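Computed from a predicted structure; not experimentally measured. Numbering of ligands and ligand atoms starts at 1, following listing order.
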Amino acid sequence: MAKPRHNILILNGPNLNMLGIREPEVYGLQTLTDIANDCQEYADELGFDVDFRQTNAEGELVTIIQQARGNHAALIINAGAYTHTSIAIHDALKILEVPVIEVHLSNPMAREAFRHTSYISPVAKGTICGFGGHGYILALNAVRSLLDEG
Ligand code: DQA
């Protein structure tokens, strides 16, 4: 039987719209548009549709997560700096009943101490960090496996 074509939400938080310009020695030269295009292409190969979003606003991230209920089969999230501060995003993710994969371009555990706490990790299925933009592709593979497992 043909697999259903799931829609995956990929959500990006503050300052990720500045990739390519922002601290390239940490985040690389790929822009968020480059990453979005790679994700769209790869997701298509995996049989997914992808909704790729970015916002700098914490409340908007919460609203988008709330709206994912019933509309998306999984969420891949890079919450940027809100990873380390946002109880509101943590709470919103707890309400969501689909797998959540946390992604970071850099490896926050190898950076400043204030990046060592994640409010996303306790409510995520897993975390992929330190692989640059390729982390999003790894996350899509993780989602494929999770959905295939049922
Ligand atoms: C980041 C890591 C965060 O600590 C930082 O605030 C970001 C980007 C990453 O993708 O490596 O904005 O989430």
Student: Distance only, no hydrogens: is a donor on one side chain within 3.5 Å (strictly under) of an acceptor on the other, for D148 and S145?
Tutor: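 Side chains of D148 and S145: no pair found under 3.5 Å.
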Student: Is a donor from one side chain sitting under 3.5 angstrom from an acceptor on the other, for E58 and N56?
Tutor: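 Judged by distance alone, the side chains do not pair up.
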Student: Counting non-hydrogen protein atoms only, what is the nearest one to atom 9 (C) of ligand 1? Give residue, atom name and distance.
Tutor: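 It is L105 N, 3.4 Å.
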Student: Please could you name the atoms of ligand 1 that S106 approaches to less than 4.0 Å, counting only its heavy atoms?
Tutor: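 Matching atoms, with element in brackets: 2 (C), 9 (C), 11 (O).
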Student: Touching ligand 1 at all, N78? Heavy atoms, strictly under 4.0 Å?
Tutor: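 Right, N78 reaches ligand 1.
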Student: List the closest protein heavy-atom neighbour of atom 5 (C) of ligand 1: residue, atom name, distance to the nearest 0.1 Å.
Tutor: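 Checking every protein heavy atom, the shortest distance to atom 5 (C) of ligand 1 gives R115 NH1, 3.3 Å.
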Student: Distance-only, no hydrogens or angles: does the Q30 side chain make a donor-acceptor pair with backbone N or O of L19 under 3.5 Å?
Tutor: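 Not confirmed, Q30 side chain does not pair with L19 backbone.
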Student: So which heavy atom in the protein is nearest atom 1 (C) of ligand 1, and how far is it from that ligand atom?
Tutor: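 Closest protein heavy atom to atom 1 (C) of ligand 1: H104 ND1, 3.7 Å.
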Student: At a 4.0 Å threshold, what atoms of ligand 1 neighbour a non-hydrogen atom of H84?
Tutor: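 Close to H84: 3 (C), 4 (O).
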Student: Checking E102 against T83: is there a side-chain donor and acceptor pair closer than 3.5 Å?
Tutor: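 No.
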Student: Can you see whether Y119 engages D91 through a side-chain donor-acceptor pair at a distance of less than 3.5 angstrom?
Tutor: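 No, because no side-chain N or O of Y119 sits under 3.5 Å from a partner of the opposite role on D91.
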Student: Indicate yes or no: does an N/O atom of R22 lie under 3.5 Å from an N/O atom of ligand 1?
Tutor: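 Checking ligand 1 against R22, an N or O pair does fall under 3.5 Å apart.
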Student: Kindly confirm or rule out an N or O of A81 lying under 3.5 angstrom from an N or O of ligand 1.
Tutor: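 A81 vs ligand 1: N/O contact under 3.5 Å present.
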Student: Please confirm whether the backbone N or O of M109 pairs with a side-chain atom of H116, one donor and one acceptor, at under 3.5 Å?
Tutor: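 Yes.
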Student: Around atom CD of E41, are there more than 12 heavy atoms of other residues, nucleotides or ligands at under 6.0 Å?
Tutor: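 No, because the 6.0 Å sphere around CD of E41 holds 12 heavy atoms or fewer from other groups.
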Student: Which atoms of ligand 1 sit under 4.0 Å from any heavy atom of Y27?
Tutor: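 Here the atoms of ligand 1 in question are 5 (C), 7 (C), 8 (C), 9 (C), 11 (O).
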